[in-house]
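Only a predicted model underlies this, so the values are computations on that prediction, with no experimental measurement involved. Numbers here simply count residues along the sequence, with the first being 1. Every heavy atom of this structure was used, including side-chain atoms; hydrogens, water molecules and symmetry mates were not.
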Amino acid sequence: MHSALADDLARLPELLQSARDFAARELAGVAVRPVVHPGKAPDQDPLPADGTGAEGALARFAERWAPGFSGSAGPRYLGFVTGGATPASVAGDWLTSAYDQNVSGAAGSWAAALERETVGWLRELFGLDEAHSGAFVTGATVSNTVGLAVAREWLGERLGVDVSREGAAALGPVDVLSGSPHSSVTKALSVLGIGRDRLRQVPALAGNREAVDVARLDAALAGLGGRPAIVVANAGTVNTVDFDDLRAIAALRERHDFWLHVDAAFGGFAALSPAHAHLVDGLGAADSVCVDLHKWLNVPYDAAVQFTRRRDLQTRVFHNSSPYLGLPTGDPDFLHLTPENSRRLRALPAWFSLLAYGRAGHREIVERNVALAHRLGEGIAALRGLRLSAPVRLNVVCFTLAENPTQERVAAMAEAVAASGEAFLTPTVYDGTPALRAAFSNWRTSEADTDRVLATLASLPL
C-alpha cells in the first residue's frame, strides 16, 4: 500500500475530525462571507507525482480553492432555485460517503430498502398514492428525462411499437405539448430521440400568465386527429411560479389520448402548505412526476425523485439485460428503473432530513420562504427605478428596471449585486423583457437577509 494511503488509514479519525472542523468553520461563516466570487480562478496545477496525504490536500484546498467557492449554501444566494443543506441532511450525506453503498440492487445491503422507504415518504409528502412508484435520480433534468422516456414507451404501446427495441424512429413524429416548459424538457426530448422541434408550445392564459390555456390545449389535442400525444404540465414555472390547472388538464383525457407528465421540480412543495396546496390539486392524476429535492427539500446536490404509474413500462425502457445483474422482478432493482447502473445512496440525506424535521419542519421552510419572497416583492415595488415583472405567486420574485430594461442594463444590475457580495440573482427574459429572478428556497434565509438584499438593490445607481 502506498505510504501516504497507509498513513491516512492509520490516522483516519484525526483526518475526519480535521475535515469536520474545517467544514464547520466554513458553514458557520456562510452567512457573512461574500455570496459569490466572480474573480479569476487559479491556474491549473500539474498532477503531483507523489501525494501530500489527506492533511496536505485539505490544507492546499483551504488555501487555493476554498476562498473562491460561492456561498450557495447560504441565505442570500437567490440565483436559480438553489436550496441549502439542512444540518441533518449534511450528516446523512457524510454517512452516504462513509458507507459508499452502490444502490443498483438490493443484494447484500439494506440500502435499497431505505431508498424505497424514503420514496414512500416523499410520495406521501406530495399527496401521491401508492400507484406512483419512484426512484432517486440526479436532478430535475434526469427526472424529466425518465418520465418522458416512459411516456415515449407508452406511445409505442398505443401505436403497436416496441420503442425500447425498435427505437424512437419507429414511432414516427411525436407530438409533445406544453405551455411554459422548462429548458430541461427540450433537452430530454433531444436525448430521447424525439427531437427538440417536436415540442409545441400552447399559448398561456391572458393577463401576464405562464399557465397554459386549457381551452387552447384542448383544441391543440383535438387537432391531432386522435393520435396519442405527450402533455407536459407545469407545477411552478421558472420565472413566476405559475401553475397549470392540473385537474382540468387531466380531465381532457376523457376526450383525448395523451400521457400527462408534470414537471413539479420545486412547485411540488406547495403541497406542504395548506394555504398553497390547491396549486398542485390534481398532481396525483399525472402519469409521471418530476420533483427536484436539492431545491426546496434542502438536501445536498445532487438529488431528485421521479414518480410514475407505469413501472412496467419504466422497466421495459431501463432494464439491464445481463445474467450477473439478474432479471427484473415484480419489485425491480433500481438499476432497472433509471439510466444509471451504479447509483449513490442519494436517499440517505433526504431520509435524515425528513426524519429529523418531519412534515412540519419542511412546511415551515416553504411557508417562510414564500413570506420572504412577498416581502422582497413589496419592497421592490416600492423602489424607484425597479418594477415587478409579474405578481409574486410563491417563492420567486421576477423584476426588472422601470425604464429602458435592455439586456445590457439588466446584466449590469446583476453583476453589481454579485460584486457587492451581498446576494446573487440570475437573469431571465419574461414576456420579451430582460429581468432578474430572486428565488427563495434556502432554509437559512430570514427577514434580515431579505432586507439586506433589498438594501443592496436600493443602493444601485439605476
If you take all heavy atoms of Glu340 and Thr138, which pair is closest and at what distance? OE2-CG2, 3.8 Å
Is a donor on one side and an acceptor on the other found under 3.5 Å between the side chain of His319 and the backbone of Leu337? no
Hey, is the main chain of Thr240 close enough, under 3.5 Å, to the side chain of Glu210 for a donor-acceptor pair? yes
Run Met413 and Phe399 through side-chain contact (heavy atoms from CB on, under 4.5 Å) and show every step you take. CA-CA 11 Å; Met413 179 167 57; Phe399 67 99; 4.2 Å; yes
Approximate separation, where rounding is to 0.5 Å, of Leu12 CG and Leu16 CG: 4.5 Å
Output for pair (Glu364 CD, Glu367 CD), nearest 0.5 Å, gives 8.0 Å
Donor-acceptor pair, distance only, cut-off 3.5 Å: does the side chain of Tyr357 make one with the backbone of Ala88? yes
How close do Pro434 and Val410 get, counting heavy atoms only, and between which atoms? O-CG2, 3.8 Å
Look at the aromatic rings of Phe61 and Phe22 and report parallel, tilted or perpendicular, splitting at 30° and 60°. perpendicular
Answer with yes or no whether the side chains of His261 and Ser288 bring together a donor and an acceptor at under 3.5 Å. yes
Take Val289 and Phe126 through the side-chain contact (heavy atoms from CB on, under 4.5 Å) test and state the conclusion after the steps. CA-CA 10 Å; Val289 178; Phe126 299 122; over 6 Å; no
Under the 3.5 angstrom rule, does the side chain of Thr82 hit a backbone N or O of Leu78 as a donor-acceptor pair? no
Ignoring hydrogens, what is the shortest heavy-atom contact between Thr145 and Leu192? Give both atom names and the distance. O-CD1, 3.8 Å
With side chains defined as the heavy atoms from C-beta onward, is the minimum distance between Leu297 and Leu354 less than 4.5 Å? yes
Could you walk me through whether Glu55 and Arg11 pass salt bridge (charged side-chain N to carboxylate O under 4.0 Å, His left out), step by step? CA-CA 10 Å; Glu55 285 280 13; Arg11 298 185 59 252; 3.7 Å; yes
Please report the shortest heavy-atom distance between Val397 and Ile380, naming the atom on each side. CG1-CD1, 3.9 Å
Heavy-atom donor-acceptor pair, Thr308 side chain to Asp287 backbone, under 3.5 Å: yes
If we count only N and O atoms by modelled type, under 3.5 Å, do the side chains of Asn395 and Trp296 hold a donor and an acceptor together? no
Pair Ser109, Gln101: side-chain N/O donor-acceptor within cut-off below 3.5 Å: yes
Do Ser353 and Thr86 have side-chain N/O donor and acceptor atoms under 3.5 Å apart? yes
What are the two closest heavy atoms between Ala233 and Leu246, and how far apart are they? CB-CD2, 3.7 Å
Would you kindly check if the NZ (Lys) or CZ (Arg) of Arg346 is within the cone defined by 45 degrees around the ring axis of Phe136 and under 6.0 Å from the six-membered ring centre? no
Check this for me, if you would: do Arg375 and Asp449 make a salt bridge, where the nitrogen-to-carboxylate-oxygen distance has to be below 4.0 angstrom? no
Can you say whether the rings of Phe424 and Phe80 are parallel (under 30°), tilted (30 to 60°) or perpendicular (over 60°)? tilted
If you round to the nearest 0.5 Å, how far is CG of Asp244 from CG of Leu279? 11.5 Å
Set out, in order, the CA-CA distance, both residues' side-chain angles and the distance that settles side-chain contact (heavy atoms from CB on, under 4.5 Å) for Leu293 and Phe269, then state yes or no. CA-CA 9 Å; Leu293 303 179; Phe269 288 89; 4.1 Å; yes
Nearest heavy-atom contact between Ser143 and Val291 is OG-N, 3.9 Å
When you compare the side chain of Leu313 with that of Val317, does any pair of heavy atoms fall below 4.5 Å? no
Within the structure provided, determine whether Leu148 and Val232 are in side-chain contact (heavy-atom separation under 4.5 Å). yes
Mark yes or no for whether Thr186, through its side chain, and Arg196, through its backbone, hold a donor-acceptor pair below 3.5 Å. no
Would you please test Val146 and Phe318 for side-chain contact (heavy atoms from CB on, under 4.5 Å) and show each step? CA-CA 9 Å; Val146 170; Phe318 293 107; 3.8 Å; yes
Do Asp331 and Arg116 have side chains that get closer than 4.5 Å, going by heavy atoms? yes
So, Asp93 side chain and Pro349 main chain: donor-acceptor pair closer than 3.5 Å or not? no
Taking atom CD of Glu14 as the centre, report whether more than 12 heavy atoms of other residues, nucleotides or ligands fall under 6.0 Å from it. yes
Sorted by chain and number, sequence neighbours left out, salt bridge (Lys or Arg N to Asp or Glu O under 4.0 Å) with Arg152 holds for none
Taking the side chain as C-beta and beyond, is there a heavy-atom pair between Arg309 and Asp129 under 4.5 Å? yes
Are the side chain of Asp263 and the backbone of Ala265 linked by a donor-acceptor contact shorter than 3.5 Å? yes
Kindly indicate whether the side chain of Asn234, heavy atoms from C-beta on, has any atom under 4.5 Å from the side chain of Val212. no
Whether the side chain of Thr445 engages the backbone of Pro75 through a donor-acceptor N/O pair (distance < 3.5 Å, no angle test) should be reported. yes
Do the non-hydrogen side-chain atoms of Arg310 and Trp259 ever get within less than 4.5 Å of each other? yes
If you round to the nearest 0.5 Å, how far is CZ of Arg209 from OG1 of Thr237? 9.0 Å
Between Arg344 and Ser97, do the side chains contain a donor N or O and an acceptor N or O under 3.5 Å apart? yes
Roughly how far, to the nearest 0.5 Å, is the CD atom of Glu403 from the OG1 atom of Thr400? 10.5 Å
Atom pair CZ (Phe334) and OG (Ser342), whose distance is rounded to the nearest 0.5 Å: 15.0 Å
Is Leu372 close to Arg368 at the side-chain level, that is, under 4.5 Å between some pair of heavy atoms? yes
Under 3.5 Å donor-acceptor, Asp333 side chain and Ala106 backbone: yes
